[in-house]
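These numbers were taken from a predicted model, which means no experiment stands behind them.
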Amino acid sequence: MKALKIGNLLAPVPIVQGGMGVGISLSGLASAVAEQGGIGVISSAGLGAIYNDYSKDYRKASIWGLREELRKARERTRGIIGVNVMVAMSNFADM
Ligand SMILES: Cc1cc2nc3c(=O)[nH]c(=O)nc-3n(C[C@H](O)[C@H](O)[C@H](O)COP(=O)(O)O)c2cc1C
């Protein structure tokens, strides 16, 4: 398989792992994919529910959770990590 080049990034394994919300593709899966040379994707969908001990405000908890997941992913890999943010259907007024 040919490496996948996106801008200045080069993934030796041309696989982009799909973002899967509600706790499925978080730092664990994404960093494992990135460590193997693919592109690991953290889904932001549902982070506000997963991190609701940080805040009962769903948006604040989501932002906190995404930072946490990115931090944890970076502890595990220097490979390529992407973030999946589904804003097309909701919350667009906040952006
Ligand atoms: C359990 C599950 C959760 C998913 N959550 C998201 C999500 O949060 N964001 C998103 O863009 N796609 C989500 N998807 C869609 C996948 O990322 C992917 O686009 C879809 O499974 C089709 O992949 P394929 O084209 O490789 O078959 C989810 C899929 C599954 C199975």
Side-chain angles (χ1 to χ4, degrees):
M1 288 189 286
K2 263 178 62 182
L4 174 63
K5 188 173 186 306
I6 303 176
N8 63 350
L9 300 173
L10 190 70
V13 177
I15 290 176
V16 181
Q17 168 240 308
M20 289 170 282
V22 289
I24 296 174
S25 69
L26 297 178
S27 52
L29 178 61
S31 61
V33 171
E35 265 306 277
Q36 295 305 310
I39 298 178
V41 175
I42 295 171
S43 174
S44 63
L47 283 175
I50 296 163
Y51 280 91
N52 70 353
D53 51 344
Y54 170 74
S55 170
K56 298 301 162 208
D57 178 322
Y58 190 86
R59 193 165 176 270
K60 279 188 186 157
S62 294
I63 293 167
W64 169 267
L66 185 54
R67 285 207 180 104
E68 269 299 288
E69 292 303 320
L70 283 168
R71 186 188 60 73
K72 286 195 258 178
R74 275 294 166 243
E75 275 176 9
R76 295 175 181 159
T77 185
R78 295 312 304 164
I80 306 171
I81 296 289
V83 174
N84 172 246
V85 184
M86 295 198 296
V87 291
M89 304 300 283
S90 65
N91 298 339
F92 45 82
D94 291 347
M95 302 307 285

> Taking a hydrophobic cluster as the set of Ile, Leu, Val, Met, Phe, Trp and Tyr residues connected by side-chain heavy atoms closer than 4.5 Å, whether directly or through intermediates, do L10 and I15 fall within one such cluster?
Replying inline: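 No, because L10 and I15 fall into different hydrophobic clusters, even though each may have its own neighbours under 4.5 Å.
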>> Taking V16 as the starting point, is it possible to reach I42 by hopping between hydrophobic residues whose side chains are less than 4.5 Å apart?
In response: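 Cluster IDs for I42 and V16 differ.
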Please name all residues satisfying side chain to side chain contact (heavy atoms under 4.5 Å, CB included) with [X], sequence neighbours left out, ordered by chain then number.
X	answer
L29	Q17, M20, S25, V33
I6	L4, I39
V22	none

> Looking at G48 and A61, what are the two nearest heavy atoms and their distance?
Replying inline: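 That would be O-CB, 3.6 Å.
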>> Is it the case that atom CZ in R67 sees more than 12 heavy atoms from other parts of the structure closer than 6.0 Å?
In response: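 No, not enclosed.
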>> By the side-chain hydrogen bond (donor to acceptor under 3.5 Å, both in side chains) test, which pairs, at least two apart or in different chains, include something from residues 27-39?
In response: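 Sorted pair list: S27-E69, E35-T77.
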First locate atom [atom1] of [X], then atom [atom2] of [Y], and finally report the distance between them rounded to the nearest 0.5 Å.
X	Y	atom1	atom2	answer
R76	I81	CZ	CD1	10.0 Å
Y51	W64	OH	CH2	9.0 Å
I63	L47	CD1	CG	10.5 Å
L26	L66	CG	CG	10.0 Å

>> Which residues pass the salt bridge (charged side-chain N to carboxylate O under 4.0 Å, His left out) test with K60, not counting sequence neighbours?
In response: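 Listed in chain order: nothing, the list is empty.
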> Quick one: salt bridge (charged side-chain N to carboxylate O under 4.0 Å, His left out) partners of R71, sequence neighbours excluded?
Replying inline: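 If we apply the salt bridge (charged side-chain N to carboxylate O under 4.0 Å, His left out) test to R71, skipping adjacent residues, the hits are E68, E75.
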